[in-house]
Amino acid sequence: MFENLVEVLKANHRKIVFPEGQDARILEAAARLKKDGFLTPILVGNVDAVKAEAAKGNFDIEGLEILDPATSDKMDEMVEKMVELRKGKMTADECRSALMASNYFGTMLVKLGYADALLGGATYTTADTVRPALQLIKTKPGANLVSSCFVMVNAEGKMLVMGDCAINISYEDKLDKDGNVKLSAAAQLAETAIGTANTAKIFGLDPKVAMLSYSTKGSGKGAGVDLVRNATEIAKQMAPDLAIDGEMQFDAAVSPVVGQKKFPGSKVAGYANTFIFPEIQSGNIGYKIAQRLGGYAAYGPVLQGLNAPINDLSRGCDAEEVYQMAIITAALA
């Protein structure tokens with residue numbers, strides 16, 4: 001997988017910004033990326049502090065751009081753009097104050113085209129990585145929400161994709177001011193499914209999407225089953241060429257014998273490689289079971305639906321994970 005992504009980056013050189021430029025894990029990964037030469041890191045932080053931390057770890061970052069929000073000549077341009085984007089919700093002084101934080105500053109570098117992608121979260125929370133992206137990068141035309149997925153790869157190179165395991169806690173109908181449904185929960189889940197399938201394609205997978213439930217083709221009843229079944233039908237209408245089926249239990253999704261018995265004739269049942277969970281709790285549990293008991297390495301969360309690639313690290317990540325997620329994030333640009 002990574003060999004393919006590196007070839008993409010060699011053909012289309014990109015810049016990735018790291019908001020947490022003083023972190024040793026970030027610096028180790030940035031030094032490695034600099035040496036490899038197919039991706040250019042930009043570090044955000046106090047220049048002297050970043051260089052001192054790099055020297056402490058013996059990380060060669062000579063020649064890499066280090067941008068300090070406190071001294072940046074780009075700040076006035078950023079403030080003007082942020083005031084425009086926030087549309088009266090923030091004053092110029094409030095925008096300037098926000099942009100002094102490296103998460104907002106780094107995100108604005110992407111918005112203004114100085115960088116192609118951003119990878120944060122080594123010290124920031126997921127919310128502090130996603131919030132600036134929603135306010136400044138915003139969602140793609142036609143997208144109603146941001147979702148996420150994990151790319152799972154085992155020792156034999158088998159790849160699976162699982163979503164959403166990190167962003168959407170649950171799917172609820174969105175109402176207008178008069179109480180009418182303007183975006184149903186099922187439509188949101190369908191959008192997550194299509195976004196996850198599109199991510200799977202970027203990583204070279206031909207997605208066969210299973211919409212997971214505790215029911216297979218009507219074997220169970222309940223609001224959760226209805227949500228998944230309705231989302232499946234909406235997704236099929238939105239992406240008629242996509243191999244997607246549901247609702248189905250996990251065993252029906254992965255076992256050809258069980259799948260074809262419970263869901264006869266399905267092109268997905270028994271052969272699924274892309275799994276859509278009905279809410280974050282089951283999704284988070286599911287990918288971690290695959291990781292800890294199934295021997296799969298988990299790459300992500302990969303955020304979907306934004307106008308530019310912004311991804312989130314685990315605060316427990318190591319330099320290898322930063323390096324790998326940098327490659328993944330930049331390849332999405």
Side-chain angles (χ1 to χ4, degrees), residues 8-9 11-23 26-27 29-30 33-34 38-47 49-50 61 63-143 145-146 202 302-313 322 325-333:
V8 169
L9 294 174
N12 300 276
H13 196 89
R14 285 153 191 171
K15 294 182 178 181
I16 186 166
V17 59
F18 294 101
E20 297 134 322
Q22 278 181 240
D23 189 280
I26 300 296
L27 288 166
L33 289 168
K34 177 206 163 188
F38 55 78
L39 177 60
T40 299
I42 299 173
L43 302 169
V44 178
N46 177 273
V47 176
V50 170
I61 61 166
L64 291 186
E65 196 170 11
I66 305 170
L67 299 178
D68 183 351
T71 59
S72 174
D73 60 2
K74 299 177 175 60
M75 183 58 74
D76 289 344
E77 179 188 10
M78 289 184 169
V79 170
E80 182 180 353
K81 186 63 177 179
M82 188 168 176
V83 169
E84 174 192 330
L85 291 168
R86 298 302 289 141
K87 297 179 179 177
K89 295 178 182 177
M90 295 176 72
T91 66
D93 286 344
E94 288 170 335
C95 289
R96 188 176 298 273
S97 178
L99 287 163
M100 291 299 292
S102 62
N103 57 337
Y104 274 91
F105 184 87
T107 304
M108 188 58 84
L109 287 174
V110 177
K111 179 63 181 180
L112 293 175
Y114 294 115
D116 301 295
L118 177 145
L119 181 60
T123 57
Y124 280 116
T125 65
T126 296
D128 285 335
T129 301
V130 175
R131 187 185 305 110
L134 289 173
Q135 293 177 353
L136 305 179
I137 302 297
K138 302 184 182 292
T139 53
K140 294 177 180 177
L145 77 165
V146 174
I202 291 171
V302 177
L303 301 188
Q304 304 165 159
L306 291 167
N307 270 314
I310 309 287
N311 276 332
D312 180 44
L313 293 160
V322 177
M325 280 302 297
I327 292 172
I328 287 172
T329 304
L332 297 170

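Values below: all heavy atoms of this structure, side chains included; hydrogens, waters and symmetry mates excluded.
- For the atom pair CG (Leu119) and CG (Leu313), the distance works out to 4.0 Å, reported to the nearest 0.5 Å.
- Under the 4.5 Å side-chain criterion, counting only non-hydrogen atoms from C-beta, Glu77 is in contact with Tyr114.
- Checking side-chain atoms of Asn46 against main-chain N and O of Asp68 turns up no donor-acceptor pair under 3.5 Å.
- Contact record, Val110 with Ala308: CG1-CB, 3.6 Å, taken as the closest heavy-atom pair.
- In this structure, the side-chain hydrogen bond (donor to acceptor under 3.5 Å, both in side chains) partners of Thr40, at least two apart in sequence or on a different chain, are His13.
- Scanning both residues, Ala127 and Pro132, for their nearest heavy atoms gives O-CD, 4.3 Å.
- For the pair Phe38/Ile327, a side-chain contact is recorded, criterion being any heavy-atom separation below 4.5 Å from C-beta on.
- The minimum heavy-atom distance between Ala92 and Val83, with the atom names listed, is CA-CG2, 3.6 Å.
- Screening Leu33, Ile26, Val50 for a side-chain contact (heavy atoms from CB on, under 4.5 Å) with Ile61, the sole residue that qualifies is Val50.
- Among all heavy-atom pairs drawn from Ala30 and Pro41, the shortest one is O-CG, 3.7 Å.
- Of the inter-residue distances, the one linking Glu94 atom CD with Leu99 atom CG reads 12.0 Å to the nearest 0.5 angstrom.
- Annotation: the span from Lys111 atom NZ to Met82 atom CE amounts to 12.0 Å, rounded to 0.5 Å.
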For this session: Please assess Val130 against Ile310 for the test side-chain contact (heavy atoms from CB on, under 4.5 Å), listing each intermediate value before the final yes or no.
Result: CA-CA 8 Å; Val130 175; Ile310 309 287; over 6 Å; no
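- Put simply, the side chain of Arg14 never gets that close to the backbone of Ala117: no donor and acceptor are under 3.5 Å apart.
- Legend: residues meeting side-chain hydrogen bond (donor to acceptor under 3.5 Å, both in side chains) with Glu20, ordered by chain and number and at least two apart, are Thr123.
- Residues in residues 96-105 take part in these salt bridge (Lys or Arg N to Asp or Glu O under 4.0 Å) pairs, two or more places apart or across chains: Asp76-Arg96.
- A donor-acceptor pair under 3.5 Å is absent between the side-chain atoms of Thr125 and the main chain of Gly121, judged by distance alone.
- You'll find the side chain of Asn311 reaches within 4.5 Å of the side chain of Leu332, heavy atoms only.
- Taking Asp116 as the reference, nothing meets the side-chain hydrogen bond (donor to acceptor under 3.5 Å, both in side chains) condition, with sequence neighbours excluded.
- Under the 3.5 Å distance criterion, the side-chain polar atoms of Lys138 are matched with a main-chain donor or acceptor of Gln135.
- The two atoms that bring Thr329 and Pro309 nearest to each other are O-CB, 3.4 Å, heavy atoms only.
- The minimum heavy-atom distance linking Ala29 with Val322 is given by the pair CB-CG1, 3.5 Å.
- Atom-to-atom distance recorded for Leu134:CG and Asn307:CG is 11.0 Å, nearest 0.5 angstrom.
- For Arg131, the side-chain hydrogen bond (donor to acceptor under 3.5 Å, both in side chains) partners are Asp128, not counting sequence neighbours.
- Two residues are said to be in side-chain contact when any heavy atoms from C-beta on lie closer than 4.5 Å; Thr139 and Leu145 fail this criterion.
- Partners of Ser102 under the side chain to side chain contact (heavy atoms under 4.5 Å, CB included) rule, at least two apart in sequence or in another chain, are Pro19, Val44, Tyr124.
- Atom CD of Glu80 is surrounded by 12 or fewer heavy atoms from other residues, nucleotides or ligands within 6.0 Å.
- To the nearest 0.5 Å, the span separating CG on Leu67 from CG on Leu109 amounts to 6.0 Å.
- The shortest side-chain heavy-atom distance between Lys74 and Leu112 does not fall under the 4.5 Å cut-off.
- Residues Leu27 and Leu43 have side chains in contact (heavy-atom distance under 4.5 Å, counting atoms from C-beta outward).
- At distances below 3.5 Å, at least one donor-acceptor pair connects side-chain atoms of Thr107 with backbone N or O atoms of Asn103.
- Annotation: the span from Leu39 atom CG to Leu9 atom CG amounts to 5.5 Å, rounded to 0.5 Å.
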